[in-house]
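Inspection log for the structure reproduced underneath, given as structure tokens.
Model, not experiment: these values are computed from the prediction. In listed order, ligands and their atoms are each counted from 1. Counting from 1, the numbers follow the sequence of the chain as shown.
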Amino acid sequence: MNIHYANFIISAVSPKQYPSTQYPEIALAGRSNVGKSSFINKLINRKNLARTSSKPGKTQTLNFYDIEHLFYFVDVPGYGYAKVSKTERAKWGKMLEDYFTQRHTLKKVFLLMDFRHDPTTEDVQMKEFVEYYNIPYQIIATKIDKIPRSKWNKHESAFRKKLNLSSTQPILLFSAETGEGKDAAWDSIQKAIQDGEISE
Ligand SMILES: Nc1nc2c(ncn2[C@@H]2O[C@H](COP(=O)(O)OP(=O)(O)OP(=O)(O)O)[C@@H](O)[C@H]2O)c(=O)[nH]1
Ligand SMILES: [Mg+2]
């Protein structure tokens, strides 16, 4: 996919701030520092449209990016950042629950998880959360360039076990560094945003 137009639209914390133009949406969720912003930038070939953060946990809003006037990427603030207070955490939970329950244009959630480590308890909870709300999702293992190819199978098995995935459920292996997995990610997006429509 060749992207000509990609633009940051709005930071939102509550439904009334979501963009009113109704494009299908793909949300990126995952722990802080997992590579959500880098994923967006790599897919659209921009260095820094989605701000990659030096301070993890700093972004506390849903950031909407218009891609080609075709769909939105929604960069969801990361979880698992220890220095966030209980109040902040509760606000974050409410923001996500509002978003998942009220945003009917949401087509799929990409759940990003660091391929180097076993999924965390919060990763597992996030997966259960989207399953609970019946939202289609895709597990994306990030930073695969940091793991030698010979160990990929081992890491993938660990993911399957921890996340309790069926053997047919795909894990998309991705690197924002090398671009590996980019085509598969675009395929997944295209399937999701065409959902229910007759493609021409
Ligand atoms: N080697 C490697 N580094 C990556 C990859 N993806 C992201 N990074 C690095 O990981 C760090 C965090 O990336 P971000 O994209 O800012 O992570 P994020 O999930 O958006 O983080 P928050 O916005 O804090 O939730 C940056 O230093 C990136 O350069 C990858 O695929 N490979
Ligand atoms: Mg980010």
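- Of the polar atoms of G35, at least one N or O is found under 3.5 Å from an N or O of ligand 1, judged by distance alone.
- Aromatic ring orientation, H155 versus F115: tilted (interplanar angle from 30° to 60°).
- Close contacts between ligand 1 and E177 involve ligand atoms 1 (N), 2 (C), 31 (O), 32 (N) [criterion: under 4.0 Å to a heavy atom].
- Of all the atoms in ligand 1, the ones that sit under 4.0 Å from a non-hydrogen atom of D145 are 1 (N), 2 (C), 30 (C), 31 (O), 32 (N).
- Counting only distance, with no hydrogens or angles, the side chain of E177 and the backbone of K143 share no donor-acceptor pair below 3.5 Å.
- Side chain of D123 to main chain of T120: a donor-acceptor pair is present (N/O by atom type, distance under 3.5 Å, no hydrogens or angles).
- Checking only distances, I144 never comes within under 3.5 Å of ligand 1, N or O to N or O.
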Output a table of donor-acceptor pairs, distance under 3.5 Å, between side-chain atoms of residues 13-22 and any protein atom two or more places apart or on a different chain; print 'none' if there are none.
{"unit_1": "Q17", "atom_1": "OE1", "unit_2": "V13", "atom_2": "N", "d": "2.7"}
{"unit_1": "Q17", "atom_1": "OE1", "unit_2": "S14", "atom_2": "N", "d": "3.0"}
{"unit_1": "Y18", "atom_1": "OH", "unit_2": "Y99", "atom_2": "N", "d": "3.4"}

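- Ranked by closest heavy atom to atom 10 (O) of ligand 1, the top entry among K36, R31, K143 is K143.
- Under a 4.0 angstrom heavy-atom cut-off, N33 registers as being in contact with ligand 1.
- A salt bridge (Lys or Arg N to Asp or Glu O under 4.0 Å) with E122 is found for one member of R89, K162, K127 and no other, namely R89.
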request  = Given salt bridge (charged side-chain N to carboxylate O under 4.0 Å, His left out), test D98 with K94 step by step and report yes or no.
outcome  = CA-CA 6 Å; D98 284 349; K94 168 86 167 70; 2.9 Å; yes

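- Judged by distance alone, with hydrogens and angles left aside, the side-chain atoms of S188 form no donor-acceptor pair with the main-chain N or O of A184 at under 3.5 Å.
- Less than 4.0 angstrom separates some heavy atom of G78 from each of these atoms of ligand 1: 25 (O).
- A donor-acceptor pair under 3.5 Å is absent between the side-chain atoms of K182 and the main chain of F174, judged by distance alone.
- Closest heavy-atom approach to atom 7 (C) of ligand 1 among the candidates S37, S38, G30: S38.
- Less than 4.0 angstrom separates some heavy atom of K146 from each of these atoms of ligand 1: 1 (N).
- Residue D75 has no N or O atom closer than 3.5 Å to an N or O atom of ligand 1.
- Backbone or side-chain N, O or S atoms of S37 reach the Mg ion (ligand 2) at under 2.8 Å.
- Proximity to S175 (heavy-atom distance under 4.0 Å) selects the following atoms of ligand 1: 31 (O).
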